[in-house]
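Data first, discussion second: the structure below is written as structure tokens.
All values derive from a computational prediction rather than experimental measurement. Side chains included, hydrogens not; waters and symmetry mates left out as well; all remaining heavy atoms used. Each chain gets a letter, A, B and so on, in the order its sequence line appears, and its residues count up from 1.
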Amino acid sequence: MATLIIPTPLRKYTEDQATFNTEATTVGQAIKDLTQKYSNISPQILDANGKIRSFVKIFVGEDDIRGIDGDNTPLQPDTIVSIVPAIAGGSSNF
Amino acid sequence: MYHTIFNQKAEIIIRTHAEKEFPNECVGFLYGFEQNGKRTIELARPIANSKEGDQRRRFEISPIDYIKAEQYALTHQTTLIGVYHSHPQHPAIPSEHDLKQALPFFSYIIVSVIDGQSDILSSWRLNEEKNIFEQEF
């Protein structure tokens, strides 16, 4: 089974579970499985059209799925999928 | 009102890192745990500021560093609980940019660095409405 790692800011939507295992064979199906089990996480990851939000990145291993095959990126049973929030900031207001 | 405890060893790591990177902003992850509504920050781990361009006023964390940080937490039975960064020649108060980029749940520690010396250190958490930072300490 592929394993999704849930970033800590989103674990309140997954009953504090850090990981989610899925039999899905593509990234898109894995995200669908996750949002079906934990519906409240859906708006944090997907937009109204069911597409992955622009500020959320999905990585398979150390590769961004946008550089592979997007939602159709295949998963192997031992694949680690990471949901990666954008983290940035700084002292200047502008 | 948040109840957050901050380990002194973590504070030393943050201050040392902030002074080393001056005049640029430093950045790193915070690890710890939460029990009965009480948060303990027990570890700070420096990482590279991946912001391209001027790092004196901005920081970024690369996706790969974020992935490694979550995996570190899983393998060390701890929780990725926040992010620290420095404000060179600026106060330890979140900027509008910090507010815009922040995530709920995380503790955001900011240390001011004035002329190369670390100064005031504070910690903040974004409210659930994502519009206000509330001070932890």
Which bit of B:Glu34 comes within less than 4.5 Å of chain A, counting heavy atoms only: side chain, backbone, both or neither? neither
Here the pair of heavy atoms bringing B:Glu70 nearest to A:Ile6 is OE2-O, 4.2 Å
Heavy atoms of A:Gly90 and B:Asp98 approach each other most closely as N-OD1, 2.7 Å
Contact class of B:Leu80 relative to chain A, heavy atoms under 4.5 angstrom: both
Point-to-point distance, once rounded to the nearest 0.5 Å, from OG of A:Ser91 to NE2 of B:His85: 7.0 Å
Given that the side chain runs from C-beta out, which part of A:Ile80 has a heavy atom under 4.5 Å from chain B: side chain, backbone, both or neither? side chain
Over 12 foreign heavy atoms within 6.0 Å of CD1, B:Ile114: yes
Considering only heavy atoms, which portion of A:Thr8 lies under 4.5 Å from any heavy atom of chain B: side chain, backbone, both, or neither? both
Chain A shares the most heavy-atom pairs under 4.5 Å, among B:Ile110, B:Ile93, B:Leu74, with B:Leu74
For B:Glu129, does the CD atom sit with more than 12 other heavy atoms under 6.0 Å from it, leaving out its own atoms? yes
Give a yes or no on whether B:Phe29 and B:Ile41 share a hydrophobic cluster (residues Ile, Leu, Val, Met, Phe, Trp, Tyr; joining criterion: side-chain heavy atoms under 4.5 Å apart). yes
Check B:Pro63 against A:Phe59 and note the closest heavy-atom contact, atom names and distance. CB-CZ, 3.4 Å
Using non-hydrogen atoms only, which part of B:Ile61 is less than 4.5 Å away from chain A: side chain, backbone, both, or neither? both
ILVMFWY cluster, A:Phe55 and A:Tyr13 together (side-chain gap under 4.5 Å): yes
Joint hydrophobic cluster, B:Tyr72 plus A:Val81, side-chain heavy atoms closer than 4.5 Å: no
Quick check on B:Lys68 against chain A: is it the side chain, the backbone, both or neither that has a heavy atom closer than 4.5 Å? side chain
Mind ranking B:Gln89, B:Gln101, B:Arg57 by heavy-atom pairs under 4.5 Å with chain A and telling me who comes out on top? B:Arg57
To check you understand the geometry: which heavy-atom pair defines the closest contact between B:Pro104 and A:Pro9, and what is its length? O-CB, 3.5 Å
For A:Lys32, is the NZ atom crowded, meaning more than 12 foreign heavy atoms sit under 6.0 Å from it? no
Greater than 12 external heavy atoms within 6.0 Å of A:Glu15's CD: no
Heavy-atom pair of closest approach, residues A:Ile83 and B:Tyr66: O-CE2, 4.1 Å
Just wondering, are more than 12 heavy atoms of other shown residues or ligands nearer than 6.0 Å to CZ in A:Arg11? yes
Decide whether B:Tyr108 and B:Leu99 are clustered together by the hydrophobic rule: side chain heavy atoms of Ile, Leu, Val, Met, Phe, Trp, Tyr closer than 4.5 Å, transitively. yes
I'd like to know if B:Trp124 and B:Phe137 are part of one continuous hydrophobic network [Ile/Leu/Val/Met/Phe/Trp/Tyr, side-chain heavy atoms within less than 4.5 Å]. yes
Under 4.5 Å from any heavy atom of chain B, what part of A:Ile87 do you find: side chain, backbone, both or neither? both
Decide yes or no on side chain to side chain contact (heavy atoms under 4.5 Å, CB included) for B:Gln71 and A:Ile5, but give the supporting numbers first. CA-CA 8 Å; B:Gln71 288 177 349; A:Ile5 298 179; 3.8 Å; yes
